[in-house]
Amino acid sequence: MSKPFYITTAIDYVNGQPHLGHAYEKILTDVIARARRSLGEPVFFLTGLDEHGQKVQQAAIRENKAPQTYCDELAADWKAFAGTLNLTNDDFVRTTELRHKQTVQAILAKLHAAGHFYQSEYRGFYSQKEETFLTEKDRQPDGKFDPSFGEVVELVENNYYFKLKDHQQWLIDYIEANPEFIQPDYRRNEVLGFLKNNTLEDLCITRPAARLNWGIPLPFDPAYVTYVWFDALVNYISVPAALGDPTLATALPDLKLEAQNSKQSLWPADAHVIGKDILKFHAVYWPIMLKAMGLPLPKQLLVHGWWQKDGAKISKSTGNIVEPLEVIAEWGVDAFRYYVVRELSIGPDGNWTDDGFKVRYDSELANGLGNLLNRSLSMLKKYRNGIVPAPSAFQKDGTALVDVDDIPRIEADLRAHQLQDALVKIWNIVTRANQYIQRTEPFKMAKVPEKAAELDAVLYNLVETCRVLAVLLWPFIPGASEKIYAQLGLKDSPAKFSDAAWGKLSAGHTIGEPAALFLAKISCRSRARRSPVVAAEVTRRTSRRISNPPPYVGGYFDNCSSNRLRKKSADPKAGACLKPVYSRGVTSPPPTAPHSAASSCRRDGCAPGRRGRARCTRCAPSDASRSRPRDTSCRSSGSSPWRGPAPACRSSRTSGSTTRR
RNA sequence: GCCAGAGUAGCUCAGGGGUAGAGCAGAGGACUCAUAAGCCUUUGGUCGCAGGUUCAAUUCCUGCCUCUGGCACCA
């Protein structure tokens, strides 16, 4: 058994309720953890809470609670939140737990004995009201501190310091020698720039217990508690230590936990997923702490950006917020997970817009993936009684749907933590499958008995593609993925990446009932609002196909994807909006469809029946620009307007992705 | 101020010395298996500004303008 893939989130400071940023980091981590499990690796995924410190102590006092009680109550919310996000964390660490405090103290004792700490005086301006030292930034232009700080006194305080000065050069060398250690690259460059241009100052690691007692006491001097660094960061090793990690047991021989004796080390972590705001702590202090302990460094710091909403900073005070729980309640956790992972790659800041969310939900999840599943299963049900047909020679088409290269490329993206790229590739398959239906027209084959074998093949390819998609999507949207498997009538789980191999669906298998995977909430409502005729048809179809139509809760999408229909519906005398309704074959088609219903041509005398610009002589485009030829051939093959060596052919450029990395 | 990075279509972004690319948005069309979904076609750009190198610059160089990030107070 190989070493488990050990991945962590930062632990969140428990002084409030979880917000979008917390949710984002946890989801990224969970997708990576699930992906590794799916790929067959053992995984340990750790998240948790940072519960010590002044703000917690103060908040507890304000609520007239013991700090531990205060933390216990909030911790319940945070654990529930992890469940709501459908996280697969293997443990949940709280820094007030005994196992954590014991590890912290063992480390402090060891480093103190080895001479890494010293005591020194700290002199500064202290606000008694705010119970904090002030900095130069807190000064007003006239040199005085803001009255909101109350009385400010100059205070001298002894504290313990951690020596950093000797560690600068090896850390620079290490980061330069290990490009994967800090990702993305520009974050790595920031750390290197900082390390090369500044001299590290020793780190103050304590607070006097008289001033702050909600913390872990120094084992060698109970007059002090340790401050954030040797508390919060240590969570990454306190849980493995408690689980009996042999690497940690060797490094911390005095740590006597009631540990299971594990044979496998979790440490070093394979990835710490963190926000850009805490990069320095993880890229500078943490490696030095580990080096001092004699422990190896984590393999990677994966640094994500922050979210904005509507282009502005997320802020409780201005009300510019995204409430994850509300979004999940309305749209489902899979949609939420999908949006935050698909919207941006790991690194840059993101911008949440409600419209953007709705567009992705509607066009990508509901109309792209969900509708593909629905139409594929419906046809199999309708034409073959829901029984998967036997393989035939025609099925080689399936390789065009899920290209032989797709699976390894997606696997490579997952391993490289390029989650957005993986989703883009997966959606290429969705698009290809929808194109395939249009190209092969199985609904026409069904009317021609001689094409039965071909229809078998097309149906097989479609249903099998849906199955493969479920497997590929499991790390991202596990709920939807499992629903796809259920609709396919498969008993097992789509959680094994190797099941993405083509052809695992066996002939004779009977699928389950098709149902909407992601209900498109809007588009039909939007249309319905504009045309009573369409509204009636929508209601009829909805009630026929969906056994339990959800109640309409109000609100419309502004961006209806089919503006053509919308605009025509808005024209009171066109009747054009009827066209799609008639064409459903419900009733006979309109005897004389108005010309304007089918064409953009509105000139008098343009013969009915002509459709499209090209066929209408009076409306034909006169400008040459419309038919500007597109010559994509390689220039070097023809007569060249320039001299010199033949230039490289530029016609084979690969298309770009929408992501900058 | 210092150090990075970025300015390309309405939006989000790829690209890169030789006719400018994708997705979304916009426009037109054909179809009916499907969640009014899906499919096809298509309009948009002096590639921030000014110089320079070059037969040729959006691409390389220089300068300028604008924006973003970092520069250890803090999660």
Side-chain angles (χ1 to χ4, degrees), chain A residues 10 12-13 15 50 53 55 132-138 186-187 189-191 193-194 197-198 200-201 203 228 232 275-281 284-285 305 343-344 348-349 351 356 359-360 362-363 366-368 370-379 382-383 424 431 434-435 437-439 441-444 446 462 514-521 523-524 526-528 534 537-538 541-542 545-546 559-565 580-581 583-585 598-600 611-614 625-626 630-632 635-636 640-644 646-648 650 653-661:
Chain A
D12 301 309
Y13 198 56
N15 66 342
D50 178 14
K55 284 179 184 165
T132 181
F133 276 97
L134 303 176
T135 67
E136 288 307 310
K137 279 190 183 172
D138 295 317
Y186 51 87
R187 296 291 172 207
N189 292 338
E190 279 175 20
V191 174
F194 157 68
N197 296 319
N198 298 275
L200 285 177
E201 287 179 20
L203 192 62
V228 57
K276 62 182 184 180
D277 48 328
I278 53 176
L279 170 60
K280 218 139 289 151
F281 312 143
V284 178
Y285 303 153
E343 184 67 16
L344 68 157
D349 287 350
N351 184 30
V359 166
R360 287 212 187 278
D362 228 27
S363 63
N367 301 340
N371 187 45
L372 170 66
L373 176 73
N374 199 231
R375 63 199 301 210
S376 302
L377 296 192
S378 294
M379 284 191 280
K382 191 178 282 188
Y383 305 142
V424 170
T431 301
N434 276 319
Q435 290 167 333
I437 295 177
Q438 199 61 36
R439 193 172 72 242
E441 299 183 309
F443 38 88
K444 284 186 181 166
L462 285 173
L517 191 63
F518 294 95
L519 206 57
K521 299 190 179 194
S523 24
C524 67
S526 176
R527 291 172 177 87
V534 176
E537 177 62 8
V538 165
R541 293 187 48 177
T542 304
R545 291 216 162 78
I546 302 169
N559 40 6
C560 172
S561 65
S562 187
N563 284 301
R564 210 182 338 144
L565 183 59
V581 177
S583 69
R584 300 301 305 181
S599 162
S600 64
R611 290 173 181 181
R613 266 180 285 214
S625 67
R626 168 157 296 284
R630 271 179 176 270
D631 181 6
T632 56
R635 292 214 64 172
S636 64
S640 189
W642 52 80
R643 288 169 301 231
R650 304 190 75 214
R653 280 196 216 173
T654 52
S655 62
S657 104
T658 57
T659 310
R660 182 198 297 279
R661 239 173 275 115

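Just so we're on the same page: letters track the sequence lines, and every chain starts at 1.
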Output the single nucleotide from [options] whose closest atom is nearest the side chain of [X].
X: A:Phe443; options: B:rA75, B:rG38, B:rC31; answer: B:rC31
X: A:Leu200; options: B:rA72, B:rC31, B:rC33; answer: B:rA72
X: A:Gln438; options: B:rA75, B:rC31, B:rA34; answer: B:rC31
X: A:Arg375; options: B:rA75, B:rG38, B:rA72; answer: B:rG38

Original post:
So, is A:Gln435 near the phosphate of B:rC40, with a side-chain N or O under 4.0 Å from OP1 or OP2?
Top reply: yes

Original post:
Side chain of A:Asn371, base of B:rA34: donor and acceptor closer than 3.5 Å?
Top reply: yes

**OP:** Quick one: list whatever passes salt bridge (Lys or Arg N to Asp or Glu O under 4.0 Å) with A:Arg187, sequence neighbours left out.
**Re:** A:Glu190

Original post:
Can you list the residues that meet the salt bridge (Lys or Arg N to Asp or Glu O under 4.0 Å) rule with A:Asp12, with sequence neighbours excluded?
Top reply: A:Lys26

Pairwise [atom1] distance, [M] and [N] [rounded to whole Å]:
N: B:rG52; M: B:rG45; atom1: P; value: 28 Å
N: B:rG18; M: B:rC74; atom1: P; value: 50 Å
N: B:rG15; M: B:rU53; atom1: C1'; value: 23 Å
N: B:rC60; M: B:rC24; atom1: P; value: 29 Å
N: B:rU68; M: B:rA50; atom1: P; value: 24 Å

My understanding is that only residues two or more places apart in sequence, or in another chain, count here; which of them pass side chain to side chain contact (heavy atoms under 4.5 Å, CB included) with [X]?
X: A:Phe443; value: A:Met379, A:Tyr383, A:Ile437, A:Glu441
X: A:Asp277; value: A:Trp306
X: A:Asn351; value: A:Gln308, A:Thr353
X: A:Thr431; value: A:Gln435

Subject >> For A:Phe194, all residues meeting ring pair (Phe, Tyr, Trp, His ring centres under 6.0 Å), sequence neighbours excluded >> reply: none

Atom pairs under 3.5 Å: protein N/O with N/O of nucleotides 67-71 of chain B:
unit_1, atom_1, unit_2, atom_2, d
B:rG69, O2', A:Arg187, NH1, 3.3
B:rG69, O2', A:Glu190, OE2, 3.1
B:rG70, O3', A:Lys280, NZ, 3.3
B:rC71, OP1, A:Lys280, NZ, 2.8

Original post:
For A:Asn374 and A:Pro514, which heavy atoms make the closest approach, and how far apart are they?
Top reply: ND2-CB, 3.6 Å

Original post:
Nearest heavy-atom pair of A:Gly368 and A:Asn434: which atoms, and what distance?
Top reply: O-ND2, 3.5 Å

Original post:
Using Watson-Crick pairs (N1 to N3, plus N6-O4 or O6-N4) and G-U wobble pairs, both distances under 3.5 Å, which stems of at least 3 pairs involve RNA chain B?
Top reply: B:1-7 with B:65-71, B:10-13 with B:21-24, B:26-29 with B:39-42, B:48-52 with B:60-64

